[in-house]
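Remember, predicted model here, so these are calculated numbers, not experimental data. Note that these values count all heavy atoms, side chains included, but never hydrogens, waters or copies made by symmetry.
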Amino acid sequence: MAAPAAPHTRLRHGAPTLLLLLTALATTLACHHLRPQDATFAWDSIRILKAMAPSPPQPCQHQHAPFPFPDTLLHTNHPQQAAATARHILHHLFATLSSHSTPRHWDAQARNRLLSKLHHYINHLEQCLPANGMLIKRQGPRNMMLSINKYFSRIQDFLRTHNHSACAWDYIRLEARTCFQRVDTLIWRMKSQAAPGHH
């Protein structure tokens, strides 16, 4: 008759599962314990954006958006998915607003302030994401990254088509404001879905 497995052997075999559970719990708690600043991040960013990018000297005729924001990305029931979506949007915003082709009339100091705010918040959102990314893969939609990449690719195409003109950048300023508004929605979804007792 074989001897029963020693307790430490059973624990060692169950360690990977336990580690995954603890990782999931830690990331959920990281999303739940959002700082008070999270409630105002998007609106503070919009305020800095307005100071950074005043209206161009020449009035611009803005037409219907050629690249509507993919609002289906907001329909998520998972705090980590909401965090991943918000982080990916802000990452692209950071890359776009870091461009050397931004208009000369934009305020450089306000721009640096906004980029710094974006950088710090992107790092903060990473606390909500599992290190191995496995949970994110299971929490749809699967085409989330692709949709965001396509949206910002259209923005870059728009800038190139219009030779990075001041009016083209003013259009992008409006799109950036929309992005911050959508990120605010995702932050509140992170809070509500990660709240204790939520099912």
Side-chain angles (χ1 to χ4, degrees), residues 23-24 26-35 37-49 52-53 65-102 111-160 169 171-194:
T23 300
T27 53
T28 299
L29 289 175
C31 286
H32 173 56
H33 292 292
L34 295 176
R35 306 163 302 176
Q37 300 95 312
D38 294 320
T40 61
F41 165 77
W43 305 108
D44 287 345
S45 298
I46 290 174
R47 179 176 50 79
I48 299 174
L49 178 69
M52 177 193 80
F67 29 77
F69 187 90
D71 282 326
T72 54
L73 298 176
L74 305 178
H75 305 154
T76 177
N77 294 322
H78 300 280
Q80 289 91 355
Q81 185 66 47
T85 303
R87 178 187 173 278
H88 204 54
I89 291 170
L90 295 180
H91 175 78
H92 275 286
L93 263 184
F94 183 91
T96 301
L97 298 177
S98 295
S99 172
H100 295 296
S101 65
T102 52
R111 177 169 171 256
N112 289 336
R113 210 160 73 243
L114 181 59
L115 291 176
S116 177
K117 193 174 186 68
L118 281 169
H119 175 72
H120 283 95
Y121 203 76
I122 288 169
N123 290 337
H124 173 62
L125 286 175
E126 288 177 353
Q127 298 175 22
C128 292
L129 307 179
N132 58 12
M134 290 304 295
L135 292 176
I136 299 301
K137 292 179 181 178
R138 298 194 191 110
Q139 297 169 1
R142 289 185 177 182
N143 64 345
M144 179 267 290
M145 297 290 184
L146 181 61
S147 296
I148 296 174
N149 292 345
K150 187 175 182 180
Y151 170 72
F152 280 95
S153 176
R154 288 175 175 172
I155 284 178
Q156 295 301 327
D157 289 343
F158 179 83
L159 284 171
R160 282 191 292 270
W169 272 109
Y171 205 111
I172 303 310
R173 172 187 64 81
L174 298 176
E175 289 300 310
R177 185 177 64 185
T178 297
C179 287
F180 282 124
Q181 291 169 345
R182 300 305 189 269
V183 165
D184 185 66
T185 299
L186 289 166
I187 290 172
W188 283 105
R189 288 198 179 278
M190 287 164 54
K191 284 186 175 183
S192 62
Q193 298 298 335

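Across every non-hydrogen atom of Pro68 and Tyr151, the tightest pair is O-CD1, 3.7 Å. Here the closest non-hydrogen pair linking Arg182 and Asp71 is NE-OD1, 2.6 Å. Of all non-hydrogen atoms in Pro70 and Ser147, the two that sit nearest each other are CG-O, 4.2 Å. Of all heavy-atom pairs between Leu97 and Met52, the closest is CD2-CE, 4.4 Å. Nearest approach of Ile48 to Lys117, heavy atoms of both residues: CD1-CD, 3.9 Å. Across every non-hydrogen atom of Leu125 and Ala83, the tightest pair is CD1-O, 4.1 Å.
The aromatic rings of Tyr121 and Phe41 lie parallel to each other, their planes meeting at an angle below 30°, with 60° marking the opposite boundary.
Once rounded to the nearest 0.5 Å, the distance linking NE2 of His124 with CG of Leu90 reads 11.5 Å. Atom CD1 of Ile46 and atom OG1 of Thr40 lie 11.5 Å apart (nearest 0.5 Å). The OG1 atom of Thr178 sits 11.0 Å away from the CD1 atom of Ile89 when rounded to the nearest 0.5 Å. From Arg177, atom CZ reaches atom CH2 of Trp43 across 9.5 Å, with rounding to the nearest 0.5 Å. How far CG of Leu93 is from CG of Leu115: 10.0 Å, rounded to the nearest 0.5 Å. Atom CG of residue Leu186 and atom CZ of residue Arg87 lie 14.0 Å apart, to the nearest 0.5 angstrom.
Partners of Ser101 by side-chain contact (heavy atoms from CB on, under 4.5 Å), not counting sequence neighbours, listed by chain and number: Ser99, His164, Trp169. Considering only residues two or more places apart in sequence or on other chains, His92 meets the ring-ring contact (aromatic ring centres under 6.0 Å, His included) condition with His88, Phe152. Remark: Arg47 pairs with Asp44 by the salt bridge (Lys or Arg N to Asp or Glu O under 4.0 Å) rule, at least two apart or across chains.
Formation of a donor-acceptor pair under 3.5 Å by the Thr102 side chain with backbone atoms of Ser98 is not found in this model.
Using a cut-off of 4.0 Å between Lys/Arg side-chain N and Asp/Glu carboxylate O, Arg154 and Asp157 are scored as not salt-bridged.
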